[in-house]
Amino acid sequence: MRYFTEANSIEVVNARIDDSASPRLRQVMTALVRHLHDFVREVELTQEEWDIAIDFLTRTGQMCSEQRQEFILLSDVLGVSMLTDAINNRRPPGATENTVFGPFHVADAPMRQMGDSITLDGKGETCLYVGRVLDLDGNPVAGAHIDVWSDNAEGFYSVQQPGIQEKWNNRGIFVTGADGKYEFIGIKPVSYPIPDDGPVGKLLAALGRHPHRPAHMHFLVTAPGYQRLVTHTFVGDDPWIESDAVFGVKSTLIAPFEKVRDGRTAWRSHYDFVLTPLG
Ligand code: BEZ
Ligand code: FE
């Protein structure tokens, strides 16, 4: 038996893992212990800093509720959500890229007809969203569900303002026909800060980082036989486009938003989604 020392800490801790542990859990935990110990060694963590870290994690947990997931927000602002997403959604050239899901999706939104508006509060600049759902060969995908959601003109999702906004404001699900086309009216979204009244917001402030996300429309596109696509389209001239607080922007997801003259809407945004087959 070897007692724990500064020099042998990684080996001693990892040697305690029993043979009954699953191989994957062993792999993950031994790597975690190795990186954590190397980190503590590299920065020579002080006792006071250890106290601050424990307090930070405690407050992060205490901030979590049915409505709020502060640990996911921490993962988001540290780039861990986007890195995990990238590793798990490597796609062939031409396929639409994934981005962060975010906390504001609500399952089972109303099914809407093509061309319908999702904006129930009448606020904001109207925008016609049009495009097609395609496979990698450019063929239309019929029966694809396009679940969309955005903030309102004041930068809040409906779930952030129960009693102020209707639950399904700026939300809806559209189903493609044989031509793969979709069309709906929403608003030209606006940029907004991620929830920054908790420990994660305080961390951002201490680091001199802003909490803003550039304006975007969320899309969850699903179709039998294809990978689930979780993505956004972004407004390219947004002031925060190059400094998204959660690192969600990819150049391929910047969509055209064109001013419309004499149309049903003030803006028009065209974007085709290209799905990747399963397997
Ligand atoms: C969002 O886009 O809705 C979002 C993503 C990550 C953190 C907060 C909000
Ligand atoms: Fe969002």
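Order of listing sets the numbers, starting from 1, for every ligand and every atom in it.
Checked by atom type, the side-chain pair Asn169/Asp121 shows a donor-acceptor distance below 3.5 Å. Between the side chains of Thr30 and Asn14, no donor-acceptor pair of N or O atoms lies under 3.5 Å. His216 and Ser150 form no side-chain donor-acceptor contact under 3.5 Å, judged by distance and modelled atom types alone. There is no side-chain donor-acceptor pair under 3.5 Å between Trp267 and Glu258.
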Inventory of protein N or O atoms under 3.5 Å from ligand 1 N or O:
residue: ligand 1; atom: 2 (O); partner: Tyr192; partner atom: OH; Å: 2.7
residue: ligand 1; atom: 2 (O); partner: Arg213; partner atom: NH1; Å: 2.5
residue: ligand 1; atom: 2 (O); partner: His216; partner atom: NE2; Å: 3.1
residue: ligand 1; atom: 2 (O); partner: His218; partner atom: NE2; Å: 3.1
residue: ligand 1; atom: 3 (O); partner: Tyr192; partner atom: OH; Å: 2.8
residue: ligand 1; atom: 3 (O); partner: His218; partner atom: NE2; Å: 3.2

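Val200 and Phe56 get closest at one heavy-atom pair: N-CE1, 4.4 Å.
Applying the ring-ring contact (aromatic ring centres under 6.0 Å, His included) test between Trp149 and each of Phe219, Trp168, Phe104, Phe101 identifies Phe101 as the sole match.
Rounded to 10 degrees, the NE2-metal-NE2 angle spanning His218 and His216 at the Fe ion (ligand 2) equals 90°.
Side chain of Gln160 to main chain of Tyr157: a donor-acceptor pair is present (N/O by atom type, distance under 3.5 Å, no hydrogens or angles).
At a cut-off of 2.8 Å, Tyr157 coordinates the Fe ion (ligand 2) through an N, O or S atom.
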